[in-house]
Amino acid sequence: MLQLSCGFFALSCGSGQLPAQASCSPSAEVVQVAAGVYVRPGHAAVVFEADEIANIGFVVGDRCVAVVDTGGSLAEGRALDCAIRDVTDLPVCYVINTHVHPDHLLGNLAFKRPGVEFLGDAKLPRALALRGDVYLERASAYESRALDVSIFVFPDRTVTGTVQLDIGDRILTVRAHKSAHTDHDISVVDEKTRIAFLGDLLFLEHIPVIDGSINGWIDELEAMSGESFVYVVPGHGPTSASWPAAAGPTVRYLADLRQNVRAWIGSGGDLASAQDNIGHGRIADWRLSERYHRRNVGAAYAELEWED
Amino acid sequence: MIGNSHCGAFAGLGRCATLLVILAPVVGGTTTVEEDMVWTGGLRSAYFGDRAITQSDDLIVLDIPDRAEDAAIVPISITAQIPQTDEHYIQTIYVFIDKNPGPLAGTFRFTPKSGRADLAFRVRVNAYTPIRAIAETNDGKLYMSRRFIKATGGCSAPAGSDLDAAMARLGKIKLRTNGVLQLAEPAQAQLMISHPNLNGLQMNQVTQLYAPAHFVRHVKVSFNGEEVFSAETGFGISENPSFRFFFVPDSEGELAAEITDTKGLRFSQTLQVAPTAALGLVSEDM
């Protein structure tokens, strides 16, 4: 009864009517990057080796709240949910997953309840189906992280092209991108502030990781450079950055890698030697380059060797 | 080691045990009985019965990364330590990934016309596992180079992630040579086939069924009609199979590749090659 009377007329629901607020803990620490736009900062680390790796966040409308990515565990998702309750009594109505990677998506289950619609790219379900078992197996290597298949929440609605969501005097543009960081990246723009959540289309500080297409990724970032975003929220790095300057490091890393790998392929060098030799002297500024650069060389090689 | 052809249940046992202890540190760091349980527990006997296998890097050297950057595309290279001559050559190399669902990744055949029995390709690796390359010489002796790799989950994940792009390109072939082609000198060739190499462990989300296995089964490459390299491959081979091998261009001619997959689809490609005469031969001719 209480919920029914609050739901769509939530402005009339005082916080005092929600005892859950007091018992909801711990809350994630979030940063307000603009009115109604919040980011839970992540810290560069390898998936499953730490908590709170990705930048995740939420946008508060007059009617409800949209969550953009949910973090790397059920606990992270719950802490984000608590942080939302700390700033508003409005219900969560959307969870938008920018892509399949566990540090962004494994908190989904915390939001699985009536009234919450999950959105993702049309290829997200396939990616989740293909990788789910591997994620469970990887998680099981860390004693405290063992998971079962119930952790995966698939989208209720998939997106191709763009979809606009109205969360109450506030429109969010949800956009599906061509193959870039993954083959199913989603960005979310809050039209009220022109702040864009770019997910892992944009990395700062943390080395970019190629899991889709190096060519597609460069194309997407270059195509988006004309967008008039006030700030962008990268998937990894600071909670906000200016646009298009923020795209520079990711584009330069990818373009440099592409040039070197193309030259290596052209001279007949094989995959293993490319991984041993390309770019190791110039990547020290990126965090986790020791964990992901060789992998990126391999991914770029496997794609670029099919260019004519 | 040659001549010690009966490492078996009889008197040789003691000698073999000693041999393994001595060789183990040489051929890839620490090995444990536990790591090799799949091999010793049946894989070895299923393929080789009680034939002697010398574990040594004297004939071929297997090179793999210690840890896979991406378990769906793990580069493997095998370098022969002897040239291919008509009298003595490596005729077959078997590659096993013990803990993969189908451990035999491929059987690769060479001839004296290969020049060198060197080989490079990429595999999926599903778990922490030994990988072993076993070479059989034309006189029937077996030599094994063994390594261990840390990798997880390569069999259920698509490699390039952009599955649609891979399917759209199905059957496209690239055949090329690397480096300067010198007359009668072994030259490296590279054969790439755009093929998803589905192993039956990848789920089709639309149908909720596992996509049926569909992978490259046979590869044969000949130069001017004579076979230089062939392979019978399993689904441990990565998406978009890529093979590097050698052949001897002893004249101008045509390198021809034929590929058959498990659905009976056939793909082929040819490449005209014109080796330049080695300097010494030029002066003799003149």
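Chain naming here is simple, since letters A, B, ... match the order of the sequence lines and numbering starts at 1 in each.
Salt bridge annotation for R147(B)-D66(B): absent, with no cationic side-chain nitrogen under 4.0 angstrom from a carboxylate oxygen.
Within 6.0 Å of the CZ atom in R287(A), the count of heavy atoms belonging to other residues, nucleotides or ligands does not exceed 12. Within 6.0 Å of CZ on R175(A) lie more than 12 heavy atoms contributed by other residues, nucleotides or ligands.
Not a single ring pair (Phe, Tyr, Trp, His ring centres under 6.0 Å) links F111(A) to another residue, sequence neighbours left out.
Within the 4.5 angstrom heavy-atom criterion, only side-chain atoms of Q275(A), from C-beta onward, approach chain B. Using a 4.5 Å cut-off between heavy atoms, Y301(A) contacts chain B through its side chain alone, with no backbone atom that close. Heavy atoms closer than 4.5 Å to chain B are found in the side chain of R138(A), but not in its backbone. When heavy atoms are compared at a cutoff of 4.5 Å, E303(A) does not approach chain B at all. Residue contact with chain B, scored on non-hydrogen atoms closer than 4.5 Å, involves the backbone and the side chain of D308(A) alike.
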Let's go through V209(A) and D200(A) carefully: what are the C-alpha distance in whole Å and the side-chain angles of both, what is the deciding distance for side-chain contact (heavy atoms from CB on, under 4.5 Å) to 0.1 Å, and is it a yes or a no?
CA-CA 8 Å; V209(A) 178; D200(A) 281 1; over 6 Å; no
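Note: R122(B) leads Q190(B), R67(B), R122(B) in heavy-atom pairs under 4.5 Å with chain A.
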